[in-house]
Each structure stands twice: as structure tokens, then as C-alpha cells.
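Below: one structure, written as C-alpha cells.
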Amino acid sequence: MKVFDTQSQTLKEFSPLDDNKVKMYVCGPTVYDYPHLGHARCYITWDVVYRYLKFRGYDVTYVRNITDIDDKIINKALQTGFSTKEIADKYYFEFEKAMNELNTAKPDIEPKATENIEEMIDIIKTLCEKGFAYPADGDVYFNVANFKKYGRLSKQNLEDLKSGARVEASEKKQNPFDFALWKAVKDETEPGWNSPWGKGRPGWHIECSAMSKKFLGETIDIHAGGQDLIFPHHENEKAQSEAAFGKDFVKYWMHNGFVKINEEKMSKSLGNYITIGDVLKKYDANTIRFFILTNHYRMPVEFGDQALESAKNGIKRLKNAYEDIKTITSEEKIKEAENIISFLFDEVAKTEHIPFHGIDSLEEAQGLEKKIPPEIANSLILSLKNFINAMDDDFNTPKALSVLFEIAGRAQKIKQSDSAEFGLFYIAMLLKLSNVLGFDLTKEEKASDELASQLMDVIINLRQISREQKNWEMSDRIRDELVKIGITLKDHKDKKTTWSLSD
RNA sequence: GGCGACAUGGCCAAGUGGUAAGGCAGGAGUCUGCAAAACUCUUACCCCCAGUUCGAAUCUGGGUGUCGCCUCCA
């Protein structure tokens, strides 16, 4: 399995520091406003990485922090009259809600900056003792000139940085690129914590160094975030942690590309962002995830209605495969099929190998052949193999998605043959793999309540009677009227009729 | 100014040096009472120029264009 490491700018063979344990840290949001599509991309990307690593049998500890104290939060508090805590709590709630709705897995640990101030102070103390930091008038700054490896991650050196410098000079700093580890409170109204340097609050970067160390250790496997964090955030984190602990901070630095809108980066400062909540009003979680995963995670992705519509129709196709097979069999049968093929997944997790060559020797596999015709079993294994090859190649989700379409196509095709019932196994594979990518194809987008569901049954039954009487005028009219309110009917061969919401 | 990324059919997009996956949209057909869904068929010499090579979308050099980071940002 290969992952692209930002620091070396190359694909590296993935091998965790400690056996099969993976320590993964993702920079979380600063909670001062509603999360937007850029956040969605970032956290869906790392959600998929997390899910895939687990699928591959790694024992992953996923930490994603919450920045709940920061200048922007303070400003928002001043503007609105709420306390910084109230602001942070409100938008943390909004963030969690959005993440849930997008079906992203909860990180194993989600630490908040304000709950780890002591740990940050400890690191700052160490940095001062080691000569990498200096106090200045209640602030504490990191001395970049003293850290020889500064700039290695972002491929910058201090001289070049200076030529394009946009940082404001400060008399307190010895070098314009020195950055704050600790900031003194301006006055008593600002939130602050006591420290050896007086009352103040942490600088932005130190929280990640502290929480990463506390929850994962001094050296971790994966540190991820948006590309805009490479400089200065990650460069600075790296400097702090490596200066303080004297060892490498991160084995694999990984960064996701941006969401663009009108050929421009979507960002708060440009004001061209669309909130996750707004997108969810029009498109569901599967659609948004599909939209994001059709591009490789390091490439930019252009947001637009056309792209979302295309994603909506794409995911619908996968979903139709599930629903069409479900109508000729049953949900239970599909579940059973999932259980039957699950040993393949266990095998991948256990051995980290695709059970392609070894399949004949597996006990379960022999059972499998009794239940599934060999050509179907082979096809399933081949798909699994293709999926793994795609994802092993730096999480090539566009390619992985093409495997899902292939499986869905096979299921649909076999549905029209004599051995239609074996479509179950394709669907089982489809569901399992789509799950690794965080899709939920079984999610009912049907009746929002029991009453609506019962009403639909009544309508379909009445229409069925008119169809049996060959009253096409009436049955077509019922169907047309339903389309107008966003409900699509499908008549199946066995006289069964199913319905779904079109949006 | 420094650093970096990208340029593939109408749109999106994958692509390991050997004559271009997949999705969306469009067209034709099959199925269906008609639809819907599905299935079948259907459209590319890969920004330009030069070079390396028996052979390049894929490597090298040079253009052109777009985007990003260097201030907060996922």
C-alpha cells in the first residue's frame, strides 16, 4: 500500500511505526462558524482513509482535534455578545451535526484545545529551556532560526519566505517568521489561562503538538489536513514538536486538495463558501460523498450544480442496483449473502493480502463454492482485488468507484438471466465495498413517517386495481401526479410496484 | 519574487512507455400496456513545440494557460 507523503513529495510504501497500529491525527476545525463544503471534502477524505485502513486490518487510532479558542472565536464573541465558550459550543454542535449527516465516522478521540492547556504549557516550557523559544512581554515565540530543519515540509527557506513576506513585523519578534506559542491577554475581558509568562492563551499551532503527543505519542504515523495547512501550520507544528522532543514528528504527511467554486478556492476569507447544511438541503450525503470521491483526494475539485447532479445520478445507479435486486429477493437474503462473503474481508484484514491465490485452500472458500457458482465467486474476488489495488495506490477513489459500477452492472445483468438470484452476491459485495468508502446504499429515502408509508401502500394498491382493469388512463395519471410531488414509481415484472423519492 | 500543483471526448475523471477505465449528459435499440429502472450499441490520437525511444497521454527540455501556498483558512 502506497501513500503520498507531502514532505518527500513521493509515494511511500505504507508501514506503520508499531506493527499494525496506526496513529492518525487530522487537524480539525476552528469552531467559529458553520462548516462549509471545504470542510466536507477534508473530513470525508480522511474518513475514507480511516475506514480503508481499518478494512485493511490496521488498528487505527484516529484523533481529530477541535480548536475552540482562537482569535476568530474571540472576535465572533465580541461581535455577538456571547462568550467564547458559547460560540465554540454552538459551532462545535453544528460541526458534529454536519459530520453525522455526512455519515463520517466519529474519530476515536476528539480533543478540545481548551482542555489541554497544561500540556501545551509544558511543551512551551521545554522549548524555552532548550533555547528554541523566548518570552517577550507576556508572549512566547518560537525561534525559527534556531531550528535548522525549518521549512523542510513546505519546501521553503527563510530567505525566500522573506522576499514574499506578508507577515506583519513585530518588535517583540526576533525574526518576522517567529511565531507565537503563547499570547498574553490584551485585557481582562479576553479569556486566558495562568502560565509562567502571565495570563494568556495558546498560539494556534501548539495545540496540535500537545494533543498529538498526549493522545498518540511523540512520533505518529499520519498527520493530515487541507493543503492550506502545510504552511505555516504544519511547518510550525513540526518545528515545535521536533525541537521539543528531539525526534521525528510524523512519518507520513498527507494533504487534501481544495474545493473550488468558479475556478477559485472556496474559503472563508474569500466569502465564496457554501455551507454543508445548504448543500444537504438539495443533495443527500451519498451524493456529496460521491461528488468528492470522483476526484482523487489531492486534486482540486470544482463545485457546481452540474457536478452535483452528475454525482446524484451516479450514486443513484449504484443504489438502483441494490434496490432492483432487493425487489426480486429480500433484504434478509442480501444480509445472508454479505455474511457468506465476509470471510474474504476478514482474510484481507488478517493477512493484508488479497485472497486471490490462496482462495482454494481456504476452508470457507470451499463452502463458498457450494453456495456460489465459481464464475461468480471469481468475479467477486477479482472485483475485490481491483478495489484493493485502486485504494492501495494512494487512495485512488475514482478508480475504486469504477469497480463499484462494474459490480453493479454485473448484478443488473445477471438479474435479467436465469440465475437472477445470484445477483445477491454482487450486491453483497457492492454494499460491503461501498461501505468502506462510507456510502450507505441501503439508506431509505422513503417515507419520513409511518403515515406517509401507509398512504403510499394505499395508493399503489388502488393503482394496481386500475392496472388490472387495464384502466391505463387512471393508472398513468396516478403515476404522473406522484412524479409532480417528487415520487417515482417503478412497476416490476411480477406486478410488484416500488416507489422512491426523486430527490 | 520564492515554492508547488494541474492541463485527457459535450461535462467530470482514471491512466503502470506499447495504439485511451469509469461516471454524467446525448443518440439508436431491447424490455415494458405506456413509463421508470435495467440491458445492448454509439463519439478522443490525450494544451503547443522540440527531444529521448522501435514505440510516449505516460520520460526530458522549452513554451502557453489555470490554480494554490508564502496573512486567517480544510
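All chains are named by letter (A, B, ...) in the order of the sequence lines, taking the proteins before the strands, and each is independently numbered beginning at 1. Note that these values count all heavy atoms, side chains included, but never hydrogens, waters or copies made by symmetry.
- Take Ser383(A) and apply the side chain to side chain contact (heavy atoms under 4.5 Å, CB included) test, not counting sequence neighbours, and it matches Val403(A), Glu406(A), Ile407(A), Arg410(A).
- At a threshold of 4.0 angstrom between heavy atoms, the contacts of Gln9(A) are confined to the sugar-phosphate backbone, with no base atom among them.
- Within the 4.0 Å cut-off from OP1 or OP2 of A74(B), not a single side-chain nitrogen or oxygen of Asn256(A) is found.
- Atom CZ in Phe258(A) sits roughly 19 Å away from atom P in U66(B) (whole-Å rounding).
- For the pair Glu159(A) CD and G1(B) C1', the interatomic distance rounds to 13 Å; values are reported in whole Å.
- Atom C1' of nucleotide C39(B) and atom CZ of Arg410(A) are separated by 15 Å, given to the nearest angstrom.
- Under the rule for a side chain to side chain donor-acceptor pair (under 3.5 Å), Tyr32(A) has no partner lying at least two apart in sequence or in another chain.
- For Met299(A), counting side-chain heavy atoms from C-beta on, the closest listed nucleotide (C11(B), A74(B), A14(B)) is A14(B).
- Nucleotide C31(B) has no partner under the Watson-Crick or G-U criteria, as no pair reaches both atom distances under 3.5 Å.
- Rounded to whole Å, the P atom of U52(B) lies 26 Å from the corresponding atom of C45(B).
- Of the candidates Lys238(A), His233(A), Glu237(A), His233(A) is the only one forming a side-chain hydrogen bond (donor to acceptor under 3.5 Å, both in side chains) with His205(A).
- Considering only heavy atoms from C-beta on, Phe291(A) stays 4.5 Å or farther from Tyr283(A) through its side chain.
- Pairing of C72(B), defined by two Watson-Crick or G-U wobble distances under 3.5 Å, is not identified with any nucleotide.
- In the set A74(B), A37(B), G33(B), the nucleotide with an atom closest to the side chain of Asp476(A) is G33(B).
- Residue Ser269(A) places a side-chain atom within donor-acceptor reach of the base of C72(B), judged by atom type and a 3.5 Å distance cut-off alone.
- Between Gln227(A) and Thr6(A), every side-chain heavy-atom pair lies at or beyond the 4.5 Å cut-off.
- Of the P atoms belonging to U8(B) and C67(B), the separation is 15 Å, rounded to the nearest Å.
- Between the C1' atoms of U58(B) and A20(B), the separation comes to 11 Å (whole Å).
- When the C1' atom is compared between G61(B) and G18(B), the two are found 24 Å apart, to the nearest whole Å.
- Nucleotides C47(B) and A7(B) place their C1' atoms 6 Å apart, quoted to the nearest Å.
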| message | Strictly under 4.0 angstrom, non-hydrogen atoms only: write out the protein contact profile of nucleotides 15-23 of chain B, one letter per nucleotide from the 5' end, B, S or -. | response | S-----BSB
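- Side-chain atoms of Phe4(A) and Met254(A), non-hydrogen and from C-beta on, never get closer than 4.5 Å to each other.
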| Evaluation steps, side-chain hydrogen bond (donor to acceptor under 3.5 Å, both in side chains), between Tyr91(A) and Asp68(A) | CA-CA 9 Å; Tyr91(A) 291 108; Asp68(A) 60 346; over 6 Å; no
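- With rounding to whole Å, Ile478(A) atom CD1 is found 18 Å from A36(B) atom P.
- Screening Arg317(A), Lys415(A), Lys316(A) against Asp324(A) for a salt bridge (charged side-chain N to carboxylate O under 4.0 Å, His left out) leaves a single residue, Lys415(A).
- Counting any heavy atom pair closer than 4.0 Å across all strands shown, Glu263(A) reaches sugar-phosphate atoms only and no base atom.
- Base contact: Lys265(A) has a heavy atom under 4.0 Å from a base atom.
- Contact annotation for Tyr43(A): backbone-only contact, meaning every heavy-atom pair under 4.0 Å involves sugar-phosphate atoms and none involves a base.
- Arg41(A) comes within contact range of no nucleotide atom at all, as no heavy-atom separation falls under 4.0 Å.
- If you take CG of Leu318(A) and P of A38(B), they are 10 Å apart, rounded to a whole angstrom.
- Side-chain atoms of Gln416(A) and Gln412(A) form no donor-acceptor pair, as typed in the model, at a separation below 3.5 Å.
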| task | Evaluate the criterion side-chain hydrogen bond (donor to acceptor under 3.5 Å, both in side chains) for residue pair Asp47(A) and Tyr62(A); output intermediate values, then yes/no. | result | CA-CA 9 Å; Asp47(A) 177 57; Tyr62(A) 174 22; over 6 Å; no
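- The side chain to side chain donor-acceptor pair (under 3.5 Å) search around Tyr52(A) returns Arg56(A), Asp392(A), not counting sequence neighbours.
- If you check every strand for non-hydrogen atoms under 4.0 Å, Gly304(A) touches nothing.
- Of the C1' atoms belonging to G63(B) and G27(B), the separation is 40 Å, rounded to the nearest Å.
- Taking atom CH2 on Trp472(A) and atom P on G33(B), their separation rounds to 7 Å, with Å as the unit.
- In this view, Glu110(A) and Arg64(A), Tyr92(A), Lys106(A) satisfy the side chain to side chain donor-acceptor pair (under 3.5 Å) rule, not counting sequence neighbours.
- Judged by Watson-Crick or G-U wobble contacts below 3.5 Å, the nucleotide G65(B) has C6(B) as its partner.
- For G17(B) and U71(B), the P atoms lie 39 Å apart once the distance is rounded to whole Å.
- Along RNA chain B, the nucleotide nearest Pro232(A) and the nucleotide nearest Asn295(A) are compared for position; the residue whose nucleotide lies closer to the 5' end is Asn295(A).
- Between C31(B) and U40(B), the distance separating the two P atoms is 15 Å to the nearest Å.
- Closest approach to the Gln412(A) side chain among C70(B), A38(B), G2(B) is made by A38(B) (side chain taken as heavy atoms from C-beta onward).
- Of all nucleotides present, none satisfies the Watson-Crick or G-U wobble test against C45(B) with each distance under 3.5 Å.
- Contact annotation for Thr45(A): no contact, since no heavy-atom pair falls under 4.0 Å across all strands.
- Minimum atom distance to the side chain of Lys493(A) is reached by C31(B), of the listed C31(B), C34(B), A36(B).
- Comparing A35(B), C70(B), A74(B) by their nearest atom to the side chain of Asp491(A) picks out A35(B).
- Backbone-only engagement by Thr488(A) is indicated by non-hydrogen atom pairs under 4.0 Å involving sugar-phosphate atoms exclusively.
- With a cut-off of 3.5 Å on both Watson-Crick or G-U wobble distances, the partner of U60(B) is given as A50(B).
- In this structure, Gly38(A) reaches the bases: a heavy-atom distance under 4.0 Å links it to at least one base atom across the strands shown.
- Remark: P of U66(B) and CD of Glu302(A) are 15 Å apart, rounded to the nearest angstrom.
- For Lys268(A), the NZ atom is densely surrounded, since the number of other residues' heavy atoms within 6.0 Å is greater than 12.
- Rounded to whole angstrom, the span from the NZ atom of Lys173(A) across to the P atom of U71(B) amounts to 9 Å.
- Contacts between residues 456-469 of chain A and RNA chain B, defined by a heavy-atom separation under 4.0 Å, are made by Arg463(A), Arg467(A).
- With a cut-off of 3.5 Å on both Watson-Crick or G-U wobble distances, the partner of A21(B) is given as none.
- Of the candidates C39(B), C72(B), G68(B), the closest approach to any side-chain atom of Lys413(A) belongs to C39(B).
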